[in-house]
Amino acid sequence: MVFSADEMMASVAARELADGDVVFVGIGLPNLACNLARATHAPNLVLIYESGAVGATPSRLPVSIGDPALVTGSLMVCGMADVFQCFLQNGRIEVGFLGGAQVDRWGNINTTVIGDYAHPTVRLPGSGGATEIAAHARRTLIVAKLGPRTFPEQVDFVTSPGHRYRGTPRSAFRMPGQGPVTVITDKGVLEADAKSGELVLAALYPGVSVSEVRAGVGWPLMARTTLREIAPPTARELQLLRDVLDPDRLYLKG
Amino acid sequence: MVFSADEMMASVAARELADGDVVFVGIGLPNLACNLARATHAPNLVLIYESGAVGATPSRLPVSIGDPALVTGSLMVCGMADVFQCFLQNGRIEVGFLGGAQVDRWGNINTTVIGDYAHPTVRLPGSGGATEIAAHARRTLIVAKLGPRTFPEQVDFVTSPGHRYRGTPRSAFRMPGQGPVTVITDKGVLEADAKSGELVLAALYPGVSVSEVRAGVGWPLMARTTLREIAPPTARELQLLRDVLDPDRLYLKG
Amino acid sequence: MTDSASKVLSMHDAIARYVHDGDTVVIEGFTHLICFAAGHEIIRQRRRDLTLARLTPDLIYDQMIAAGCARKLIFSWAGNPGVGSLHAFRRATEGAAPSLELEEYSHFGMVARFSAGAARLPFWTMRDYAGTDLPRANPAIKNVVCPYTGEQLATVPALNPDVTIIHAQRADAAGNTQIWGLVGVQKEAAFASQRVIVVVEELVDTAVIRADPNRTLIPGVIVSGVVVEPWGAHPSYAQGFYDRDNEFYVGWEKISRDPARLTGYLDEFVLGVEDRSGYLARHPGLVERLRASQQVCAGVNYGF
Amino acid sequence: MTDSASKVLSMHDAIARYVHDGDTVVIEGFTHLICFAAGHEIIRQRRRDLTLARLTPDLIYDQMIAAGCARKLIFSWAGNPGVGSLHAFRRATEGAAPSLELEEYSHFGMVARFSAGAARLPFWTMRDYAGTDLPRANPAIKNVVCPYTGEQLATVPALNPDVTIIHAQRADAAGNTQIWGLVGVQKEAAFASQRVIVVVEELVDTAVIRADPNRTLIPGVIVSGVVVEPWGAHPSYAQGFYDRDNEFYVGWEKISRDPARLTGYLDEFVLGVEDRSGYLARHPGLVERLRASQQVCAGVNYGF
């Protein structure tokens with residue numbers, strides 16, 4: 001069956017979520033993945049948006065994390081001080097989704113600047129809540145398409161902490177969360193090595209070779225001795241994504 | 001006209017309040033005084049209770065600071081974290097009313113223990129919000145009846161800060177509020193001396209002598225060179241107190 | 001963890017499952033929504049060595065102290081509001097050999113301890129306690145220096161109870177809880193706690209919660225159990241359901257003054273009954289006397 | 001200071017009286033209730049050297065930056081939500097000679113700065129920023145050692161704006177303000193501020209506020225002025241009044257990319273109109289297209 005990279009990534013991300021998980025989610029593919037999980041194996045997933053909407057069940061695809069559809073019919077609306085202190089810093093968030101302009105060898109994410117901070121060639125939006133999500137969510141999932149510019153050996157600016165910062169391992173910073181344990185790309189899945197914290201190739205999508213993945217990463221990517229092969233989206237997953245969750249292809253672009 | 005000490009104290013306390021003041025108030029005489037002020041010269045007084053009720057206009061005389069009548073029809077109900085941080089510590093409270101089992105020469109208040117802290121002869125309720133009210137309200141008004149046991153030279157335990165603590169002047173502690181500037185008793189009014197912070201006799205009630213006041217104070221009470229004579233409750237004040245504000249004599253006891 | 005999995009259980013089972021000997025237990029609610037029903041069940045199940053914490057111990061902790069449940073009390077104002085003393089508390093704390101350990105703050109200090117606990121920070125910063133004896137009485141009150149201004153500020157340590165019990169007007173079966181009227185420090189106490197028991201006047205469909213999400217104070221994701229116990233806050237009150245029983249508070253003065261009478265009260269109204277319905281059966285006329293009047297506000301539009 | 005003294009004035013007069021050159025200005029509202037009407041009036045009155053602060057600068061600060069009002073920006077996420085970049089912001093911050101000074105935090109850091117400001121504490125403590133470059137980019141992010149555990153925690157300094165502008169569904173003439181739907185960090189920003197301007201969709205009698213006091217987010221005692229400006233948050237939204245104008249946000253990409261087009265936009269829709277009614281007159285069909293549907297929740301009982 002034919003499917004796009006976005007559809008594959010959304011399906012793989014959905015399968016990473018367990019029923020009952022409390023998920024800190026943004027818009028786009030992560031939002032699609034959460035709603036796909038809710039519609040399949042995780043009906044009791046609780047979605048929390050940094051805007052303060054808890055347990056949202058939007059009647060339309062939200063176009064921003066502050067969409068009014070996330071409020072109407074939600075379980076709770078709280079102030080952002082509560083979102084960050086009582087939910088996130090409190091340790092109530094099991095999974096946090098993050099993306100980024102750059103993701104490096106150690107899972108550090110850059111959403112701040114390309115180039116020098118004081119005189120950037122590209123000024124990116126900045127952290128938003130990503131810095132604290134990467135520190136506090138029990139597990140962080142990164143969703144990003146492969147490419148040497150997106151996956152450099154080292155990011156230009158560390159906005160969200162990965163597993164090693166300027167040579168110091170994450171453990172030294174005593175962060176509550178495990179950090180980015182899984183990176184869902186358009187060709188396969190990278191995982192942080194339990195010991196070193198370095199991102200390594202753990203699973204391939206159907207018909208993808210290791211060299212194809214390596215071509216999209218800016219450092220000598222190591223691979224697990226046995227690579228999992230990930231099943232393609234099921235007919236049910238594709239039907240939900242295409243007909244129910246994003247019929248207008250707002251986020252399922254390619 | 002005949003009037004009781006409680007009626008005099010309530011009237012004097014009411015006159016201390018300016019229209020528009022934001023007042024942190026408890027139950028009892030201070031509550032009566034605030035409502036008397038609202039009914040006379042200060043219709044725009046805003047009453048805040050530590051329970052979180054803001055701008056209450058109770059339909060009955062509240063029997064506790066958490067009375068449901070303080071909620072129904074109030075302008076705002078907020079959590080106690082907001083009461084203490086956003087209103088009191090923020091500096092929004094002009095006047096705070098306090099009472100106490102003991103008030104000493106420097107305006108320190110004791111509502112914690114009589115005797116030794118570890119083995120008290122009388123265990124009093126403790127601070128409640130009094131400690132922070134005395135620190136943060138721009139002005140603190142104390143309402144208490146004279147008596148050597150109530151007005152000792154030094155309190156057994158400093159629950160709420162006055163103008164001098166163990167020889168150190170209040171100014172050294174850099175507290176936002178002025179502290180207890182006025183003490184309204186059953187025989188006259190004491191005021192904190194602007195320089196020393198010591199409580200001195202500033203005004204007498206009709207027919208009261210300086211020696212009568214001194215007999216109710218446990219230290220050699222100094223008096224201002226010219227003592228104000230305070231007018232008795234007006235017929236209007238008495239009518240409001242007796243017929244409207246406390247017809248059942250819940251707080252106007254003697 | 002969610003709004004479809006039911007957490008509803010009986011008060012007996014909730015206390016048996018979530019409150020253990022030696023626990024730090026918080027029954028919060030400032031005058032409003034104090035869960036006497038839970039306190040009575042803790043007494044019936046004879047829990048011991050509890051550290052009881054709340055701003056105002058009120059009559060419920062006076063009863064639990066008298067019943068021998070408490071080893072220690074963490075508090076900020078221990079009186080009978082508008083009446084006078086808590087005499088069981090006083091007997092346990094006055095004189096040469098106090099039997100109850102005390103850890104004492106001001107209201108702001110207790111609120112700050114719960115706030116730190118809810119944020120999972122080890123401490124909270126305040127501008128307080130200067131020029132008072134409280135830090136001498138309680139060495140847990142410390143100081144920190146501001147990294148920007150250099151000024152010294154007061155700190156209190158986080159309070160993270162083993163279990164917090166919150167009474168509320170309504171919740172769904174998953175524990176998504178809505179409270180109106182005074183909300184005190186319940187949100188902070190619940191988020192600070194390892195376990196949360198919500199006791200409600202009314203169990204409602206999740207649709208009722210979802211119709212007005214801004215009213216939700218405590219999310220189901222932090223709630224362990226939901227108990228449906230109408231009138232469970234008597235003699236305190238539930239805004240919109242029943243008034244405070246001031247007669248009872250006034251009457252407690254005589255009862256608590258006399259240890260024998262207090263024991264008699266516990267025997268008759270707590271140990272002498274099976275549960276809350278038994279308690280209510282011993283208060284004929286209560287419902288008629290205290291039921292709230294109707295003052296329903298208008299709704300707001302959540303449409304878009 | 002009170003609910004009987006009216007603070008109602010026009011947007012023109014509110015900005016003229018309460019917003020001055022060089023001020024630190026906050027127009028808060030997270031996606032919801034962003035007061036574009038106030039931002040446009042600030043542009044019309046040609047305020048200069050402002051320090052603009054808010055979590056998400058959004059289109060309104062992109063417009064104010066393009067109009068030359070801003071000297072400095074304090075923020076945590078500067079994008080066009082769901083669309084892409086804020087190009088006026090990028091032009092002012094990229095390359096060899098940025099013209100706009102930046103002070104950058106994460107969302108939590110900005111929330112913490114307002115929280116400290118609202119509590120009138122000099123700083124706020126967080127568990128954040130370890131292992132990131134943010135403290136190097138912003139030396140205002142510091143550390144404090146816990147007096148209990150000895151661990152090192154991050155701090156941010158209090159933010160106390162000169163003026164904070166809050167858009168809300170309704171308020172009375174004294175500024176007692178009720179908001180539902182997303183409430184973001186408006187309460188903290190308002191309490192942190194020296195002056196507060198409340199802009200409302202609907203001016204209501206105080207009786208409406210008093211009928212549901214738990215909905216009040218901002219008390220009149222901290223409000224300087226009240227402006228009645230229906231549709232004043234467009235193209236952002238007001239829950240229960242009108243939907244977000246996503247087409248406008250999407251369309252902003254093309255406008256802001258081209259400095260000439262951006263200037264043209266400001267000339268036509270901001271400088272070219274007298275006030276908000278003039279702005280609305282230039283958006284025919286807006287009201288019909290975005291007016292909210294009716295999803296009114298039930299009220300609750302405040303009786304006792």
Side-chain angles (χ1 to χ4, degrees), chain A residues 27-28 50-53 62-68 70-73 77-81 83-85 88-89 108 110-113 115 117-132 134-136 155 157-162 164-166 168 170 172-176 250, chain D residues 30-32 55-56 75-83 85-86 89-90 92-98 102 104-112 114-115 126-134 136-137 151 180-188 217 236-237 239-240 243-244 246 249-250 292 295:
Chain A
I27 56 161
E50 67 186 10
S51 56
V63 292
S64 87
I65 53 174
D67 195 296
L70 297 173
V71 167
T72 312
V77 174
C78 65
M80 292 181 77
V83 169
F84 289 108
Q85 293 185 131
L88 186 58
Q89 188 170 260
N108 297 303
N110 173 20
T111 54
T112 303
V113 290
Y117 182 77
H119 305 92
T121 53
V122 181
R123 174 64 231 199
L124 302 164
S127 163
T131 299
E132 36 270 358
H136 288 283
V155 293
F157 187 98
V158 180
T159 312
S160 305
R164 184 172 299 213
Y165 177 73
R166 295 173 179 251
T168 305
R170 183 183 179 97
F173 299 112
R174 306 178 63 246
M175 285 181 240
L250 264 174
Chain D
F30 193 85
T31 319
H32 185 212
L55 276 65
T56 59
F75 74 107
S76 46
W77 192 84
N80 180 343
V83 179
S85 293
L86 300 174
F89 159 80
R90 286 186 57 179
T93 54
E94 291 177 345
L102 296 183
E104 180 166 10
Y105 299 85
S106 62
H107 279 348
F108 189 10
M110 285 295 288
V111 169
F114 283 124
S115 298
M126 321 152 62
R127 210 182 285 279
D128 207 355
Y129 299 124
T132 78
D133 284 328
L134 280 159
R136 293 169 181 268
E151 69 195 298
W180 57 95
L182 300 178
V183 294
V185 71
Q186 282 96 309
K187 180 185 73 184
E188 293 81 358
L217 192 74
S236 85
Y237 72 100
Q239 195 94 35
D243 196 359
R244 187 164 179 271
N246 196 54
Y249 276 82
V250 171
Q295 293 196 53

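To find a chain, count down the sequence lines: A is the first, B the second, and so on, and within it residues start at 1.
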Minimum-distance pair of heavy atoms, taken over all atoms of [X] and [Y]:
X: Phe173(A); Y: Ala130(D); result: CB-CB, 3.8 Å
X: Thr159(A); Y: Thr132(D); result: O-CG2, 3.8 Å
X: Ser64(A); Y: Thr31(D); result: OG-CG2, 3.3 Å
X: Leu134(D); Y: Phe157(A); result: N-CZ, 3.9 Å
X: Tyr105(D); Y: Ser127(A); result: O-CB, 4.3 Å

Name the region of [X], side chain, backbone, both or neither, that has any atom closer than 4.5 Å to a heavy atom of chain D.
X: Phe84(A); result: both
X: Asp67(A); result: backbone
X: Val63(A); result: both
X: Val122(A); result: both
X: Arg164(A); result: neither
X: Thr121(A); result: backbone

Hey, are the side chains of [X] and [Y] touching, using non-hydrogen atoms and a 4.5 Å cut-off?
X: Pro98(D); Y: His119(A); result: yes
X: Trp180(D); Y: Val71(A); result: no
X: Arg166(A); Y: Asp133(D); result: yes
X: His107(D); Y: Thr131(A); result: no

Looking at [options], which has the largest count of heavy-atom pairs under 4.5 Å with chain A?
options: Glu188(D), Glu104(D), Arg244(D), His32(D); answer: Glu104(D)
options: Val250(D), Asn246(D), Val185(D); answer: Asn246(D)
options: Val111(D), Thr93(D), Leu55(D), Asp128(D); answer: Asp128(D)
options: Gly82(D), Gly95(D), Gly181(D), Pro81(D); answer: Gly95(D)
options: Asn80(D), Leu86(D), Asp243(D); answer: Asp243(D)
options: Arg136(D), Arg90(D), Gln295(D); answer: Arg136(D)

Non-hydrogen atoms of chain A under 4.5 Å away: do they reach the side chain of [X], the backbone, both or neither?
X: Leu182(D); answer: both
X: Ser85(D); answer: neither
X: Phe89(D); answer: side chain
X: Met110(D); answer: neither
X: Phe75(D); answer: side chain
X: Glu94(D); answer: both
X: Phe108(D); answer: both
X: Leu102(D); answer: side chain
X: Ala137(D); answer: both

Which residue out of [options] racks up the most heavy-atom pairs below 4.5 Å with chain D?
options: Ala81(A), Ala53(A), Pro176(A), Gly73(A); answer: Ala81(A)
options: Met80(A), Arg170(A), Arg123(A), Met175(A); answer: Arg123(A)
options: Pro68(A), Gly126(A), Ala135(A), Ala172(A); answer: Pro68(A)
options: Val113(A), Asn108(A), Thr72(A), Leu88(A); answer: Thr72(A)
options: Gly115(A), Gly79(A), Ala130(A), Pro120(A); answer: Pro120(A)
options: Pro62(A), Pro125(A), Gly66(A), Gly28(A); answer: Pro125(A)

Walk me through it: do Ser115(D) and Gln85(A) pass the test side-chain hydrogen bond (donor to acceptor under 3.5 Å, both in side chains)? CA-CA 11 Å; Ser115(D) 298; Gln85(A) 293 185 131; 5.3 Å; no
Rounded distance [0.5 Å steps], CH2 in Trp77(D) versus OG1 in Thr112(A):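 The distance works out to 12.5 Å.
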Going by atom types alone, do Glu132(A) and Ser106(D) pair a side-chain donor with an acceptor below 3.5 Å?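 There is such a pair between these side chains.
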Check: Gln89(A) side chain, Met126(D) main-chain N or O, donor-acceptor pair, under 3.5 Å: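 No: the side chain of Gln89(A) does not pair with the backbone of Met126(D).
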